[in-house]
Every structure is written in structure tokens, then in C-alpha cells.
Amino acid sequence: MKSSKFLLSVTLILCMALTACGNSNNSEGAKEAEKKPETAQQGQKEDGNQVIEVSTVSPSDPYLKFDQGESFEKNAVYDAYEKDIGVKITNKWIAADDNQFKEKLKMTIAANDLPDFARVDATQLKELTEADMIMDITDVYDQYATDETKKFLTMDGGMQMKTATFDGKLMGIPSSYNPYQYQYLFVRTDWLKKLNLPEPKTMADLMAIAEAFKTKDPGGSGKAYGIAVSKNPFSIDTGVTGLRAFLNGYHAYENLWMEDGNGGLMNSDIQPQVKDALKALQDMFKKGLIDPEFTVKDADKESELIYNNSIGLVFGAAWTPAQLAKGAVVNGKVVQEWGVYPIPSVDDSPTLNQIGLGVDQYYVISKKAQHPEGVIKLLNQWIVVDNTMNATDEQKIYLYGKDKQEKGNNYWLLNPLRVGKQMDNNGEILPKAIETKDPSILQTADQKGRYERAMKFIDGSDINMWWEVLISGPKGAVSHNPKIQQNKEYLQNKFYGAPTETMAERQEILTKKRDEVYFKIIMNQVSVDEFDKFVEEWKKLGGDEITKEVNEWYKANK
């Protein structure tokens with residue numbers, strides 16, 4: 001379930017707008033800060049007749065399907081929160097998708113029209129704090145968060161909570177998730193068999209398979225490519241069309257702060273291994289292994305090539321099979337066979353899977369909110385219903401809607417404040433449970449749900465659950481995790497502070513410049529040596545100053 005979805009920074013214009021808004025509201029903000037939350041018992045509806053109201057903003061989601069007669073304005077999940085904990089949820093607006101959500105949120109912030117609570121990115125958290133637009137929630141969290149909630153959000157030793165703390169003040173709730181979210185290589189195994197090709201173990205194998213899939217066109221589409229790439233290939237949001245894992249195969253990483261060997265940190269975007277990976281991608285582009293129109297196609301558009309048998313190689317996260325299912329299961333039949341493998345390496349050194357901190361978005365509460373305690377109650381309730389091994393009928397409403405039946409509608413997406421576990425052992429438990437058909441070893445609600453979905457496919461009662469077996473089954477994505485974890489075949493971002501001053505101002509520009517140069521190299525519009533010029537420009541455009549600030553932070557916090 002979940003995944004969280006991340007990123008984006010604001011423009012310089014927005015920074016100016018925030019500053020202006022913050023200055024104009026300092027006086028009002030100070031008065032609001034003096035307000036004390038109403039007394040209430042932790043996470044419970046203290047008065048059967050009292051209902052408090054909190055407003056928010058949300059994106060819609062293509063995987064959310066409403067039951068007949070329901071909508072974002074009126075639905076069983078919102079009704080359950082009002083009934084169970086006395087918190088009525090209203091929406092100031094709903095965006096069509098995540099991209100529109102980010103744009104509308106920028107405008108909402110610039111107009112100083114925040115709802116009572118909203119999900120923002122790390123840069124926005126810092127800017128809203130500096131602009132004095134959001135509430136210091138230290139006291140309200142301490143008073144209203146249950147012991148279970150506090151324990152849940154500090155499983156990692158409190159690192160994620162630290163990222164939301166400024167000068168000792170808690171300014172947001174981390175939209176936490178397990179940082180050990182790995183990427184994998186997914187390959188059409190029916191095509192491997194058809195062409196008598198071995199399973200991929202190295203990047204050289206991957207190149208050979210990509211070329212065979214292109215030239216021999218085993219899907220018979222007449223327009224085959226080697227690998228899926230879309231216009232945002234370095235974003236973790238990109239799903240099955242991303243290239244972050246491809247970089248990792250060359251020991252290169254996307255915007256990650258890593259040790260420099262001298263006790264400090266350096267940014268991965270300008271390291272020489274990136275040049276090697278870009279050279280390989282340029283070679284693939286020259287051979288026609290990459291869709292020449294990838295720069296104008298989003299993930300959904302590029303994915304059509306996967307669904308229609310034009311592409312059989314993709315990198316992606318563990319949830320990727322849910323996306324592949326659209327092409328793999330058609331008219332009640334499995335028409336595409338996929339296998340999942342660890343990211344190959346370009347040499348004898350194992351690939352280190354790039355991972356983050358498990359948080360890059362936060363729920364913040366407006367200084368104008370009348371009932372901040374209502375937001376903490378939503379948090380408490382979500383953690384309870386999402387982590388109960390055997391949900392009650394009442395709790396099932398939060399996950400499935402009023403009929404309390406799993407039918408693939410993804411009603412859990414209607415919960416307006418969601419946080420995830422900072423660690424799991426799905427890789428040890430699920431493959432074994434599914435292989436032996438033994439649910440007695442399951443330990444969490446997430447594992448129980450995944451097991452039940454996988455068994456529906458295995459026993460033939462629901463072929464649409466095909467994707468869950470590819471995620472959780474004996475040869476599924478998470479089955480590779482124990483080895484990755486045991487051998488520490490991952491590289492975690494070493495910087496977990498709030499964006500530095502220069503980072504907040506210049507990161508978007510640096511990322512835009514990076515993508516521009518990377519794209520030109522991949523598309524063979526410039527020599528791969530253009531990377532060296534980019535490195536020098538990156539340093540001058542603020543990269544050196546950011547590196548200095550990050551290392552000052554690292555020295556104080558490592």
C-alpha cells in the first residue's frame with residue numbers, strides 16, 4: 001500500500017511571495033500561536049455530540065474508484081472519521097492529479113490561503129516555517145498523539161522526526177515510509193524463452209536483451225524498443241519508465257549526498273560514474289533502443305508501449321507489477337509473463353540500490369487552524385486502522401468503503417493523512433508464506449492483505465491479483481530484499497537536514513540544468529564530454545556553496 005510520492009521545489013518568485021506573506025502575517029501569526037488546543041483525550045472522540053471540522057487539499061488518484069453515489073465531498077471514509085473520532089473533513093479543493101496538486105499548492109501558499117492542514121515537500125516546509133505561516137505543533141503533538149503514534153513515528157530512532165524539527169520546534173508530521181524501498185529490473189520472461197536468452201545478471205546482459213527485443217520484436221508490434229524511458233526519468237515518481245536504477249547499475253546516483261572519502265559529503269550528480277551511465281544511454285539511443293519521443297511522453301503515455309508489446313524491459317520499484325498489470329492481464333487472461341531481478345552491475349562490484357531517508361513530504365498545520373488537535377486525531381486513527389492485523393468491520397470502512405469488501409477500489413487513498421511504517425520484514429515473511437500457503441507466519445496487516453490477494457490469484461478466484469504475486473511471491477520483487485539488506489547492497493542519502501539556504505534557492509535551477517544536459521547527451525545532441533562542462537557550471541551555479549553548507553551540517557550532525 002502507499003508509497004508515497006514526492007518532490008518539487010518552489011520558484012524564486014514563490015520565495016518572494018512567501019516572504020511577503022510571512023511579513024504581512026507575523027502579527028496575526030503571533031496571536032494564533034498563543035491559542036491553545038482544546039483539551040481532549042488522546043485520539044478519541046471526547047464528546048459524542050461534539051464534532052470539530054478540519055479542512056485540507058488533496059490530489060485525485062487514477063487508482064481510486066468511488067462507489068456509486070460517493071465522491072470526495074461525501075464518502076464512507078470521511079463519514080467514518082466524523083463518526084468514530086468526531087473530526088469532519090472538508091476539502092478546499094481537489095486537484096486532478098499529483099502534478100496539478102503541486103501547482104495548485106504553490107498558488108495556495110503564495111495567496112496565503114492554506115487549509116487547516118496540507119501535505120508539502122521539504123522545501124515548502126522550510127519556507128512556510130520561515131514565513132511564519134504554519135504552526136509549531138510541538139505541544140499539540142505531545143498532548144494529542146497517542147503513545148502508539150509516538151512509537152510508530154520514531155521506529156528509526158527519531159531521524160525522520162528530526163527532519164521536521166527547526167530550532168527544537170516540531171513544524172510538521174513526516175509523511176513517513178520505509179526508506180529501504182529498492183528498485184528492480186523487470187523483464188518479459190516469455191520473450192526471453194521465445195528468443196532463448198539467459199536471465200540478466202550484468203549490464204552487458206541487459207544491453208544484449210534490449211537489443212534482441214528491439215531487433216527481433218518478439219511482441220510483433222512492429223515498433224519495438226529496448227527499454228522504457230519517459231520525460232521524467234530521474235524522478236522516483238516515474239514508475240516503470242525511470243532511469244535511476246540504470247544509473248545505479250553504473251555505480252552512479254541521482255541527487256544523493258554520499259561520503260567523499262575524506263570525511264565529508266559530495267553530490268552524486270557530478271561524479272564521473274554518471275558520465276559512464278550517460279555514455280551507455282547515448283549508445284542505446286543511437287541503436288534505437290530508446291523511444292526517440294521519450295522527452296515529450298509522460299509515464300502513462302510511455303507505458304502504452306509496454307502494454308502493447310513494444311517494450312519488455314523496465315526498471316521500477318516493488319509496486320511496479322501493479323502498473324504492468326494493465327498490459328499483462330487482459331480479458332481475464334494473463335497475456336504477458338514478467339520476471340523480476342536485482343539491478344545488474346556494470347562490473348564485479350555489486351550494485352548499490354539508491355535509497356532515501358523515508359521522508360520527503362510533511363503534513364503541516366496552518367497557524368490559522370482552529371482545531372490542530374483534529375489533525376493529530378486523524379493521524380492517530382490512520383495508524384490504528386492501517387496497522388491492525390485483523391481489522392474490525394468499522395476499521396474496514398477506512399480501507400474498502402462502506403461495503404467493507406476488498407474490490408480494488410483503493411478507498412484507503414481517501415484517508416487524508418497517511419504515514420507508513422519506517423521498516424518491514426516483508427521480504428522474509430511473504431515469499432515463504434505464499435509458497436507454503438501458510439498464513440500463520442504473517443505478522444502485519446500489510447502482509448495479511450498481500451497474502452490474501454496473492455492467494456486469490458494462485459487459487460484462481462481472481463486473476464486480476466496477478467500483480468501481487470510478482471511483488472510478494474516466492475520469486476517476487478521483495479524476495480530479493482533479504483540479500484540486499486544482509487549484504488548492505490544499498491546507498492542511503494547521508495543528508496537528512498532541512499534544505500540549506502542555497503539549496504532552497506538554487507536546487508531547482510541546478511536540477512533543471514542537469515536534466516537539460518543529461519537529455520542532450522542521451523539524445524546524442526552533444527558529446528558525452530559535455531558532462532565535464534556541466535560539472536564546472538554546476539559548481540558555479542551554487543553547487544559549491546550548497547556542498548559547503550551540507551558539509552557544515554554534516555560536521556555538526558554526524
Compile the donor-acceptor pairs under 3.5 Å between side chains in residues 339-347 and protein atoms, sequence neighbours left out, one pair per line.
| from | atom 1 | to | atom 2 | distance (Å) |
| --- | --- | --- | --- | --- |
| Tyr341 | OH | Glu199 | OE2 | 3.4 |
| Ser345 | OG | Asp347 | N | 3.2 |
| Ser345 | OG | Asp347 | O | 3.1 |
| Ser345 | OG | Asp347 | OD1 | 3.3 |
| Ser345 | OG | Ser349 | O | 2.5 |
| Asp347 | OD1 | His251 | NE2 | 2.8 |
| Asp347 | OD1 | Ser349 | N | 2.9 |
| Asp347 | OD2 | His251 | NE2 | 3.2 |

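A donor-acceptor contact closer than 3.5 angstrom is absent between the side chains of Glu211 and Thr215. For the residue pair Gln485/Tyr182, the side-chain donor-acceptor check at 3.5 Å is satisfied. The closest side-chain donor-acceptor pair between Arg188 and Asn309 falls under 3.5 angstrom. Side-chain contact of Gln447 with Asn425: a donor-acceptor pair under 3.5 Å is present, judged by distance alone.
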Audit row: Glu516, Lys512, salt bridge (Lys or Arg N to Asp or Glu O under 4.0 Å) steps and yes/no
CA-CA 6 Å; Glu516 177 186 324; Lys512 187 175 180 181; over 6 Å; no
Using the salt bridge (Lys or Arg N to Asp or Glu O under 4.0 Å) rule, take Glu103 and Lys106 through it: C-alpha gap first, then chi angles, then the decisive distance, then the call.
CA-CA 5 Å; Glu103 292 304 314; Lys106 286 181 184 178; 3.7 Å; yes
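Listed by first and then second residue, the ring-ring contact (aromatic ring centres under 6.0 Å, His included) pairs that reach into residues 187-213 are Trp191-Phe213, sequence neighbours excluded.
For Tyr518, there are no side chain to side chain donor-acceptor pair (under 3.5 Å) partners two or more places apart in sequence or in a different chain. Under the ring-ring contact (aromatic ring centres under 6.0 Å, His included) criterion, Tyr363 pairs with no residue, sequence neighbours left out. Residues meeting the salt bridge (charged side-chain N to carboxylate O under 4.0 Å, His left out) test with Asp260, sequence neighbours left out: none. The ring-ring contact (aromatic ring centres under 6.0 Å, His included) search around Tyr411 returns none, not counting sequence neighbours. Glu549 is linked by a side chain to side chain donor-acceptor pair (under 3.5 Å) to Thr500, Thr502, counting only residues two or more places apart in sequence or in another chain. For Lys162, there are no salt bridge (charged side-chain N to carboxylate O under 4.0 Å, His left out) partners two or more places apart in sequence or in a different chain. Qualifying side chain to side chain donor-acceptor pair (under 3.5 Å) partners for Asp544, counting only residues two or more places apart in sequence or in other chains: none. In this view, Lys555 satisfies the side chain to side chain contact (heavy atoms under 4.5 Å, CB included) rule with no residue, not counting sequence neighbours. Looking at residues two or more places apart in sequence or on another chain, you find a ring-ring contact (aromatic ring centres under 6.0 Å, His included) between Phe519 and Phe294. Evaluation of the ring-ring contact (aromatic ring centres under 6.0 Å, His included) rule for Phe101 yields Trp93 as partners, not counting sequence neighbours.
Put simply, the side chain of Asn551 never gets that close to the backbone of Gly264: no donor and acceptor are under 3.5 Å apart. Formation of a donor-acceptor pair under 3.5 Å by the Gln422 side chain with backbone atoms of Gly358 is not found in this model. In this structure, the side chain of Asp298 engages the main chain of Asp300 through a donor-acceptor pair within 3.5 Å. Under a 3.5 Å cut-off, the side chain of Gln282 and the backbone N or O of Val526 do form a donor-acceptor pair. Of the possible donor and acceptor atoms, none in the side chain of Glu508 sits under 3.5 Å from a partner among the backbone N and O of Glu505.
A salt bridge between Glu254 and Arg514 is present, with a side-chain N of the basic residue lying under 4.0 Å from a carboxylate O of the acidic one. Classification of Lys421 and Asp386 as a salt-bridged pair fails, no side-chain N sitting under 4.0 Å from a carboxylate O. A salt bridge does not link Glu304 with Lys297: every distance from a Lys NZ or Arg NE/NH1/NH2 to an Asp or Glu carboxylate oxygen is 4.0 Å or more. Here Glu337 pairs with Lys193 in a salt bridge; the nearest charged N to carboxylate O distance falls below 4.0 Å. A salt bridge links Lys513 to Glu537: at least one charged side-chain nitrogen sits closer than 4.0 Å to a carboxylate oxygen. The pair Lys533-Glu536 fails the salt-bridge criterion, with no side-chain N (NZ, NE, NH1 or NH2) lying under 4.0 Å from an Asp/Glu carboxylate O. Classification of Asp462 and Arg453 as a salt-bridged pair fails, no side-chain N sitting under 4.0 Å from a carboxylate O.
With respect to Thr351, the side-chain contact (heavy atoms from CB on, under 4.5 Å) criterion is satisfied by exactly one of Leu185, Asn248, Leu247: Asn248.
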